[in-house]
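Notes follow once the structure below has been shown.
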Amino acid sequence: MNANQPRATRGPESGPCPITPVIDLVFGRWTTPVLWVLNHHGRLRFTELQKLLPACTPKVLTQRLRQMERDGLVTRTYFAEVPPRVEYESTELARTLIPVFNALAEWSEQHMPEVLAARAANQDV
């Protein structure tokens, strides 16, 4: 889609910026770290995922995983055994975000020193 297209042809959910729905979907609190971990570690049990994200509370992690499952970014596999086991894995859809995450990680490595220098120079602002 062309950025110069009228808003009506892009869909009302995008508003004036067509990436806003994606930002809301992917860059919500804890969504990106969960996807990053699942994309780099593969299928994980809840406790394994929690150990890799220690600052995320179990309640919040559960909520985020449910939302990501609803949005098609995570699959939840339940194993009916004793004790029951549940594993989470990023979906093919979520894996299409890997190049985006890699580009952002590269940008961070290249430009965060500039951002930090600007912050230090403009502390009074």
Side-chain angles (χ1 to χ4, degrees):
M1 251 178 228
N2 184 327
N4 295 324
Q5 282 182 297
R7 179 178 169 194
T9 62
R10 285 190 293 192
E13 70 284 349
S14 66
C17 177
I19 67 168
T20 298
V22 177
I23 298 297
D24 293 342
L25 175 71
V26 177
F27 296 105
R29 182 84 172 133
W30 292 110
T31 300
T32 306
V34 169
L35 287 175
W36 183 274
V37 167
L38 289 174
N39 283 333
H40 283 85
H41 294 273
R43 183 181 287 222
L44 294 171
R45 295 177 74 165
F46 184 87
T47 55
E48 296 168 325
L49 189 53
Q50 190 177 15
K51 285 178 187 174
L52 292 167
L53 299 166
C56 186
T57 67
K59 178 183 176 184
V60 171
L61 182 56
T62 298
Q63 291 171 340
R64 188 59 53 197
L65 286 166
R66 285 182 184 156
Q67 180 181 357
M68 293 167 63
E69 183 180 11
R70 181 203 69 205
D71 292 338
L73 299 173
V74 168
T75 57
R76 178 184 186 271
T77 306
Y78 175 80
F79 297 90
E81 47 190 48
V82 179
R85 178 170 50 112
V86 176
E87 293 180 343
Y88 296 91
E89 185 175 21
S90 62
T91 63
E92 200 56 44
L93 176 62
R95 289 189 285 277
T96 64
L97 292 165
I98 291 172
V100 175
F101 291 163
N102 288 341
L104 288 170
E106 185 177 316
W107 186 93
S108 179
E109 283 182 31
Q110 292 177 0
H111 299 288
M112 279 311 291
E114 296 170 59
V115 172
L116 295 173
R119 286 180 185 170
N122 295 302
Q123 282 183 332
D124 296 334
V125 175

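Counting from 1, the numbers follow the sequence of the chain as shown.
Here ring pair (Phe, Tyr, Trp, His ring centres under 6.0 Å) pairs that include residues 69-97, with residues two or more places apart or in two chains, number zero.
The main-chain N or O of Trp107 is never found under 3.5 Å from a side-chain atom of Gln110 such that the two would form a donor-acceptor pair. A distance-only check finds a donor-acceptor pair linking the side chain of Thr32 to the backbone of Val26 [under 3.5 Å]. Under the 3.5 Å distance criterion, the side-chain polar atoms of Thr91 are matched with a main-chain donor or acceptor of Gly72. Of the possible donor and acceptor atoms, one in the side chain of His40 sits under 3.5 Å from a partner among the backbone N and O of Trp36. At least one donor-acceptor pair closer than 3.5 Å links the side chain of Thr62 to the backbone N or O of Pro58.
Summarising the geometry of Asn39 relative to Ala94, their closest heavy-atom pair is ND2-O, 3.9 Å, with the distance given to 0.1 Å. Scanning all heavy atoms of the two residues, the minimum distance from Pro99 to Thr96 falls at CD-O, 3.3 Å. When all heavy atoms of Gln123 and Ala120 are compared, the pair lying nearest together is CG-O, 3.5 Å. Considering all non-hydrogen atoms of both residues, Ser108 and Pro113 come closest at O-CD, 4.1 Å.
Summarising the geometry, atom CE belonging to Met68 is positioned 12.5 Å from atom CH2 belonging to Trp30; distances are rounded to the nearest 0.5 Å. Distance check, rounded to the nearest 0.5 Å: OG1 of Thr47 to CG of Leu61 gives 10.5 Å. From Leu97, atom CG reaches atom CG of Leu104 across 10.0 Å, with rounding to the nearest 0.5 Å. Annotation: the span from Leu53 atom CG to Glu48 atom CD amounts to 12.0 Å, rounded to 0.5 Å. Here the straight-line distance linking atom OG1 of Thr31 with atom CG of Asp71 works out to 8.0 Å at 0.5 Å rounding. Atom CG of Leu35 and atom CD1 of Ile98 lie 9.5 Å apart (nearest 0.5 Å).
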Run the side-chain contact (heavy atoms from CB on, under 4.5 Å) test on Thr77 and Val86 for me, step by step, so that the C-alpha distance in whole Å, both residues' side-chain angles and the decisive distance to 0.1 Å come before the verdict.
CA-CA 6 Å; Thr77 306; Val86 176; over 6 Å; no
Go through it in stages, so that I can follow the logic: the residues are Leu49 and Leu65, the test is side-chain contact (heavy atoms from CB on, under 4.5 Å), and I'd like the CA-CA distance, side-chain angles, deciding distance and then a yes or no.
CA-CA 10 Å; Leu49 189 53; Leu65 286 166; 3.8 Å; yes
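Taking the charged nitrogens against the carboxylate oxygens, Arg43 and Glu87 do have a contact shorter than 4.0 Å, which makes a salt bridge. Using a 4.0 Å cut-off between charged side-chain N and carboxylate O, Arg95 and Glu92 make a salt bridge.
For CZ of Arg66, the number of neighbouring non-hydrogen atoms (other residues, nucleotides, ligands) closer than 6.0 Å is 12 at most.
A donor-acceptor contact under 3.5 angstrom links the side chains of Arg64 and Gln67, judged on distance only.
Two residues are said to be in side-chain contact when any heavy atoms from C-beta on lie closer than 4.5 Å; His41 and Leu52 meet this criterion. Taking 4.5 Å as the limit, some side-chain heavy atom of Val60 sits within range of a side-chain heavy atom of Thr57.
In this structure, Leu93 is a member of the same hydrophobic cluster as Ile19, with clusters built from ILVMFWY side-chain heavy atoms closer than 4.5 Å. Neither Phe27 nor Val115 shares a network with the other; the hydrophobic side chains, linked directly or stepwise wherever heavy atoms of I, L, V, M, F, W or Y lie under 4.5 Å apart, form separate groups for each.
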